[in-house]
Amino acid sequence: MPAGPTTSGQDSASERAALAAALEERSRQLDARLRETRCLFEVSASLGDFSLSCAQAAQVVVLCLPMAFERPELVQTGVTLGGRHAGDEAPSTGWRLSQRIRLDGRDIGHIDLACIDPTTGLPCDHLPDPGLLLALARELARWFERRTAAELLSRSEARLRSAQRAAGLGSWWADMAMDCMLPCEKACEMFGIAPGTALNFEEAVALMAPRDQARLRRHWQSALVSGALDIEVRLNGGPPERWLQINAEMVRDDRGRTVEINGIVRDISERKREEERMRLSARIFDSASESIVVTDAQNRIVAINAAYTRTSGYEAQEVMGCNPGVLDAGRLNLAFYERMWSALRDEDTFQGEFWNCAKDGRIYPLLQTITALRDADGCITHYVGIGADLSRLRQAEERTDYLSSHDALTDLPNRQAIGARLQQAISVRPSPQSPNVQAALLVLGLDGFKSINDSMGHAAGDAVLIEMAARLRPLVHQGLFVGRLGGDEFVVLLERTGRDHCVERVRQLLATLSAPLSIQGHELTVTVSAGISLFPSDGQASDVLLRNAESALNGAKGEGRNTWRFYDPQMNQASLERLILVSALRRGVAAGELRAWYQPKLDLQTRALIGAEALVRWKHPDQGWIQPARFIPVAEQSDLIVVIGEWMLAEVAAQIARWHVQGLGWLPVAVNLGARHFSDPGLPALLRRLRAAHGLPPNVLELEITESTLMDAGGEPGALLGELRRAGVTLAIDDFGTGYSSLSYLKHLPVDVLKIDRSFVNSIERDGRDLSIAGTIIALAHGLQLKVVAEGVETEGQRGLLEALGCDQGQGFLFARPMPAAEFELWRQVCGMSLLT
């Protein structure tokens with residue numbers, strides 16, 4: 001049977017009703033979801049619009065949750081963050097929801113929801129849609145999570161910034177693709193740029209000192225390969241110089257390319273300055289000339305410098321950890337070290353002279369200053385010893401002491417040392433068992449030494465003194481004391497000797513010292529005289545013995561060359577008289593008390609007056625005429641002989657000119673020349689001036705020079721004579737035959753006249769030997785084309801013998817005595833002798 005339409009309509013209505021119900025349910029669900037979404041949105045918006053603390057967040061939840069319910073007055077909420085749960089205070093009956101909130105795996109609190117009947121105030125079960133509440137709880141938990149993470153990040157960043165400031169660090173970030181570097185505020189401050197400044201690579205490099213820019217580029221390229229940068233560079237500008245330490249790590253992509261760079265920068269200027277100070281201190285420490293040693297509080301060596309090694313010979317590794325006392329030479333007593341430690345404890349410093357033993361065994365003095373270093377609590381941490389090696393100073397002191405007591409030229413003890421040594425010797429008195437044992441002081445003087453200096457120069461004189469010292473020095477090895485008083489005088493001290501033994505030693509000494517010596521290519525014979533004083537008979541003090549020995553030496557020289565004399569008390573009186581005489585003579589020369597007297601020279605064949613010899617005379621205002629034999633030797637021993645000689649030359653030259661003006665013609669006059677005057681380098685010039693001043697022709701002025709003067713002159717007397725002859729004077733050798741005459745020597749001398757000494761003339765009548773000598777001299781002179789003058793002719797017999805021998809000229813009392821110029825003129829008139837014109 002087929003179906004009717006009614007049934008179909010009912011099915012359709014049911015379907016429509018079911019569909020409507022489904023739509024309504026769906027609509028209700030959508031509305032619920034919509035309300036949930038709106039609530040979540042509003043809650044999120046509300047929470048997001050505020051910067052809330054945890055307590056404020058709970059209040060916001062209370063305000064926002066009622067919006068999610070049809071009957072919001074029934075909803076009660078509670079939020080607890082931290083220890084206590086809100087649910088603990090909620091009603092125990094009725095519906096409730098408690099949602100735990102967790103962050104990073106730990107509980108931070110709960111959210112509790114409950115429904116309250118408003119009429120009774122009791123919990124009820126009318127709370128709809130618990131899923132909404134769960135969603136809300138989850139959203140709130142996520143908010144708290146985000147909020148807490150943000151706060152943690154913020155606090156972490158703050159701590160990082162604080163740590164960076166405390167560490168003096170700045171950070172920077174760079175994007176390789178954009179070539180952009182962004183320093184933080186602290187880094188900008190270090191770079192010296194404004195905060196927020198972005199830099200490209202070249203701009204960043206330009207911030208550095210020019211001398212570091214190339215190095216920075218090289219390190220940067222290496223860092224791009226290695227992945228890390230570590231460099232110290234200087235900033236451009238200053239002073240003061242600023243240093244930065246830059247570190248960075250490269251961030252690479254999946255392909256290994258550097259895309260970002262994270263870096264830090266630190267200002268290390270102070271560290272660099274401290275390093276430089278430390279390097280400077282180290283250089284000073286090592287380059288200091290003083291020895292420096294540093295020990296710890298237990299006095300163990302922890303550091304030494306190079307000077308310590310140079311002084312002690314020990315390297316650092318040999319003494320590290322040792323006590324500085326390892327160098328102690330053992331010369332200091334315990335009391336010294338007690339004073340040292342006491343001073344270090346009380347005053348933190350001590351200075352003293354230590355004696356150390358070097359590695360090679362050398363003992364050396366060290367002037368050391370020790371300082372104790374203390375920490376902030378006042379405890380000693382180190383000791384620093386700075387020492388100056390006194391070895392050179394001591395050597396210099398010893399050298400100074402040596403030089404102060406020794407003669408610089410001969411290296412023999414000087415007058416000061418002689419006095420000390422002599423005082424030491426005489427402090428030992430003769431014992432009763434040996435009353436005759438004495439000490440003998442010998443003062444040795446070189447004969448004619450002044451003429452060596454004058455003629456050959458001081459270098460030759462010094463060479464003679466050095467040679468004499470060398471000849472005396474072997475006596476030291478024989479136990480004798482040898483020294484140099486000064487000038488040409490030496491001293492020999494004989495201890496525990498007798499008079500006879502002393503004489504024997506003196507004779508040996510004079511023979512040794514008088515041996516020929518070679519000076520400047522010339523062989524010289526320098527004789528020596530000696531004066532002797534004995535202790536205790538001639539004095540009991542060192543200065544008295546020296547004075548008496550020198551007085552004896554003067555007596556020996558006055559009696560001849562190459563001899564010796566013991567001290568005689570009368571010698572002191574003679575020395576005093578000689579000193580008074582020298583003073584009076586010096587005054588007399590200045591006061592014009594000298595006179596020139598003249599003794600005629602005659603031709604022995606014709607008896608004609610052919611010249612004169614000028615002789616100096618002195619008329620003392622109180623003592624009257626003083627014999628030349630008294631004052632000439634005194635003048636020879638001083639500079640007065642030169643003054644007197646120059647006065648005589650001037651006086652004689654003027655007198656020759658006056659006689660010529662008076663019509664007497666040019667009468668040749670001879671002047672005796674002392675040894676010192678002969679060696680005077682200004683003599684030839686003086687002669688030229690005198691001749692020019694008085695208009696004297698050549699050869700009217702004659703110079704008489706003794707043979708001994710020529711022998712003592714040393715050097716080249718022929719050269720000196722030649723220069724005098726070129727000055728326009730005649731030259732004569734006086735007292736010929738009394739010295740060590742040498743024919744080979746004589747033939748090279750440019751002289752014109754030989755004078756036979758009066759000692760030969762005086763005896764020719766009774767001594768055949770003197771007559772032979774006189775004849776030989778005359779023959780020798782004529783053979784050399786020289787004139788011969790005999791002096792001291794007093795008898796007709798002497799004149800006759802000399803005339804028979806062929807002597808050319810004579811002078812003496814037989815013809816006339818020396819006389820003043822006026823008497824000489826009268827004598828000429830009375831005698832009526834002709835003059836050679």
Side-chain angles (χ1 to χ4, degrees), residues 596-617 625 627-629 632 652 659 664-665 667-672 700 702 704-707 730 732-739 741 751-837:
W597 286 20
Y598 300 89
Q599 186 176 32
K601 288 183 184 179
L602 277 69
D603 186 308
L604 292 181
Q605 304 297 326
T606 65
R607 303 291 182 91
L609 177 65
I610 59 172
E613 178 181 357
L615 302 169
V616 65
R617 294 292 185 266
W625 293 102
Q627 293 297 320
I632 290 299
V652 170
W659 283 337
L664 300 180
L667 180 67
V669 180
V671 178
N672 289 289
V700 296
E702 181 177 307
E704 292 186 0
I705 306 166
T706 64
E707 184 181 6
T730 300
I733 296 180
D734 196 10
D735 300 336
F736 187 78
T738 59
S741 302
V751 295
D752 305 289
V753 179
L754 287 185
K755 295 190 72 175
I756 303 175
D757 186 69
R758 66 178 65 248
S759 62
F760 299 120
V761 174
N762 185 53
S763 303
I764 59 176
E765 290 182 285
R766 58 182 182 274
D767 192 331
R769 291 174 297 179
D770 286 342
L771 181 63
S772 298
I773 291 174
T776 302
I777 293 173
I778 294 171
L780 172 65
H782 288 166
L784 295 175
Q785 306 299 314
L786 304 177
K787 295 289 186 180
V788 183
V789 178
E791 59 181 358
V793 180
E794 298 180 355
T795 66
E796 268 301 325
Q798 293 170 352
R799 184 201 63 79
L801 290 173
L802 291 170
E803 181 180 0
L805 292 173
C807 184
D808 301 303
Q809 303 169 13
Q811 70 180 88
F813 290 172
L814 176 64
F815 309 118
R817 292 176 178 272
M819 61 195 82
E823 293 184 16
F824 182 86
E825 295 171 6
L826 291 175
W827 175 86
R828 182 198 62 79
Q829 294 175 2
V830 170
C831 292
M833 296 182 179
S834 62
L835 301 178
L836 296 179
T837 59

Exercise. Can we call the ring centroids of Phe824 and Trp659 under 6.0 Å apart?
Worked result: yes
For this session: Might you confirm whether atom CD of Glu796 has over 12 heavy atoms from other residues, nucleotides or ligands at distances under 6.0 Å?
Result: yes
For this session: Please confirm whether the backbone N or O of Thr606 pairs with a side-chain atom of Asp603, one donor and one acceptor, at under 3.5 Å?
Result: yes
Exercise. So which heavy atom on Val652 is nearest to which on Val671, and how close?
Worked result: CG2-CG2, 3.8 Å
Problem set entry | Distance, nearest 0.5 Å, that separates CG of Leu602 from CZ of Arg799 | 10.5 Å
Seminar exercise, completed: What one should report as the nearest heavy-atom pair of Asp808 and Val788 is OD2-N, 2.8 Å
Exercise. What are the two closest non-hydrogen atoms of Val761 and Glu791, and how far apart are they?
Worked result: CG2-O, 3.5 Å
Exercise. Considering only heavy atoms from C-beta outward, does the side chain of Leu786 approach that of Val751 to under 4.5 Å?
Worked result: yes
Seminar exercise, completed: CG of Leu805 to CD1 of Ile778, rounded to nearest 0.5 Å, is 4.5 Å
Problem set entry | Residues Asp734, Ile705; criterion side-chain contact (heavy atoms from CB on, under 4.5 Å); working and verdict | CA-CA 5 Å; Asp734 196 10; Ile705 306 166; over 6 Å; no
For this session: Answer yes or no: is there a side-chain heavy-atom contact under 4.5 Å between Leu802 and Ile764?
Result: yes
Seminar exercise, completed: Interatomic distance, OG1@Thr776 vs CD1@Ile756, rounded to 0.5 Å, equals 10.0 Å
Problem set entry | Check against side-chain contact (heavy atoms from CB on, under 4.5 Å), Arg817 and Gln599 | CA-CA 6 Å; Arg817 292 176 178 272; Gln599 186 176 32; 5.5 Å; no
Exercise. Which heavy atom of Ala612 sits nearest a heavy atom of Tyr598, and at what distance?
Worked result: CB-CB, 4.4 Å
Exercise. Rounded to the nearest 0.5 Å, how far does CG of Asp752 lie from OG1 of Thr730?
Worked result: 5.0 Å
For this session: Dump the intermediate steps for side-chain contact (heavy atoms from CB on, under 4.5 Å) on Arg828 and Leu664, then the final yes or no.
Result: CA-CA 10 Å; Arg828 182 198 62 79; Leu664 300 180; 3.4 Å; yes
Exercise. Is the shortest heavy-atom distance from the side chain of Pro820 to the side chain of Trp597 under 4.5 Å?
Worked result: yes
For this session: Check the pair Leu604 / Gln809 against side-chain contact (heavy atoms from CB on, under 4.5 Å), numbers first and verdict last.
Result: CA-CA 5 Å; Leu604 292 181; Gln809 303 169 13; 5.5 Å; no
Exercise. Charged N to carboxylate O below 4.0 Å: is that the case for Glu613 and Lys601?
Worked result: no
Exercise. Once you round to the nearest 0.5 Å, how far does CD of Gln798 lie from CG of Leu771?
Worked result: 11.0 Å
Problem set entry | Non-hydrogen atoms of Val789 and Cys807 that approach each other most closely | C-SG, 4.4 Å
For this session: Can you see which heavy atom on Arg617 is nearest to which on Pro628, and at what distance?
Result: NH1-CG, 3.1 Å
For this session: First locate atom CG of Leu609, then atom CD of Gln811, and finally report the distance between them rounded to the nearest 0.5 Å.
Result: 11.5 Å
Problem set entry | Pair Arg607 + Glu803, salt bridge at N-O below 4.0 Å | no
Problem set entry | Side-chain heavy atoms of Leu801 within contact of Glu765, under 4.5 Å | yes
Exercise. Do NZ/NE/NH1/NH2 and the carboxylate oxygens of Lys787 and Glu702 come within less than 4.0 Å?
Worked result: no
